[in-house]
Amino acid sequence: MFAKIFFVSALVAVSQAGVFELPSVNHGYASVPVHGHAESQDYYAPPKYEFNYGVQDPHTGDHKSQHEIRDGDVVKGSYTVAEPDGTLRTVHYTADDHNGFNAVVERSGHPVHPAPAAHKVVVAAPAAYAAPAQYYHH
């Protein structure tokens with residue numbers, strides 16, 4: 001966490017010092033000097049991507065995956081997580097301007113619950129106390 005804070009602080013300090021300058025953006029267009037001439041370039045493009053992610057770690061029992069596709073303002077995807085009881089939770093989701101965010105949750109597999117540990121009742125033996133010594137003063 002310290003490294004992230006340090007990196008962001010250093011980035012702000014360097015940009016404040018004028019070591020580098022971010023291009024000025026005006027309504028989706030940036031003016032970029034090229035060989036002494038100002039050229040306008042359109043930086044607006046509808047977002048479009050697809051990615052997959054997965055972890056299968058038998059040592060820790062960490063099993064999860066995700067798949068997502070985005071084309072403009074429409075997002076579709078799903079992710080799967082192994083639950084502590086041995087079942088898999090799969091969430092299928094979509095999001096768009098018209099319908100908002102919608103998700104459907106599925107569970108698969110059979111839950112496995114460990115048998116409760118047998119509770120052994122331990123009764124402590126009564127403590128043995130010596131009678132106080134009698135002291136006679138003559």
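Note: hydrogens, waters and symmetry copies are ignored here, and every other heavy atom, side chains too, is used. Predicted, not measured: the structure shown is a model, and the values here were computed from it.
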**Report entry** Hphob cluster co-occupancy, V104 + V81, side-chain heavy atoms under 4.5 angstrom
**Finding:**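 Each belongs to a different hydrophobic cluster.
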Query raised in the report: What about F101 and Y79, same hydrophobic cluster or not, with Ile/Leu/Val/Met/Phe/Trp/Tyr joined at side-chain heavy-atom distances under 4.5 Å?
Result: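 Yes.
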With sequence neighbours excluded, tell me which residues meet side chain to side chain donor-acceptor pair (under 3.5 Å) with [X].
| X | answer |
| --- | --- |
| S78 | none |
| H63 | Q56 |
| Q66 | Y93 |
| Y49 | E68 |

Just to verify, what does [X] make a side chain to side chain contact (heavy atoms under 4.5 Å, CB included) with, not counting sequence neighbours?
| X | value |
| --- | --- |
| T60 | D57, D62 |
| D97 | D73 |
| D96 | V74, H98, N99 |
| E83 | D85, T87, R89, R107 |

For residues [X] and [Y], report the shortest heavy-atom separation together with the two atoms involved.
| X | Y | answer |
| --- | --- | --- |
| P46 | G72 | CB-CA, 4.2 Å |
| L88 | A82 | CD2-CA, 3.7 Å |
| I69 | E50 | CG1-CG, 3.7 Å |

Query raised in the report: Between H92 and E106, does a side chain to side chain contact (heavy atoms under 4.5 Å, CB included) hold up when you go through it step by step?
Result: CA-CA 8 Å; H92 300 276; E106 296 175 0; 3.7 Å; yes
Query raised in the report: Roughly how far, to the nearest 0.5 Å, is the CG atom of N52 from the NE2 atom of H67?
Result: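 The distance works out to 4.5 Å.
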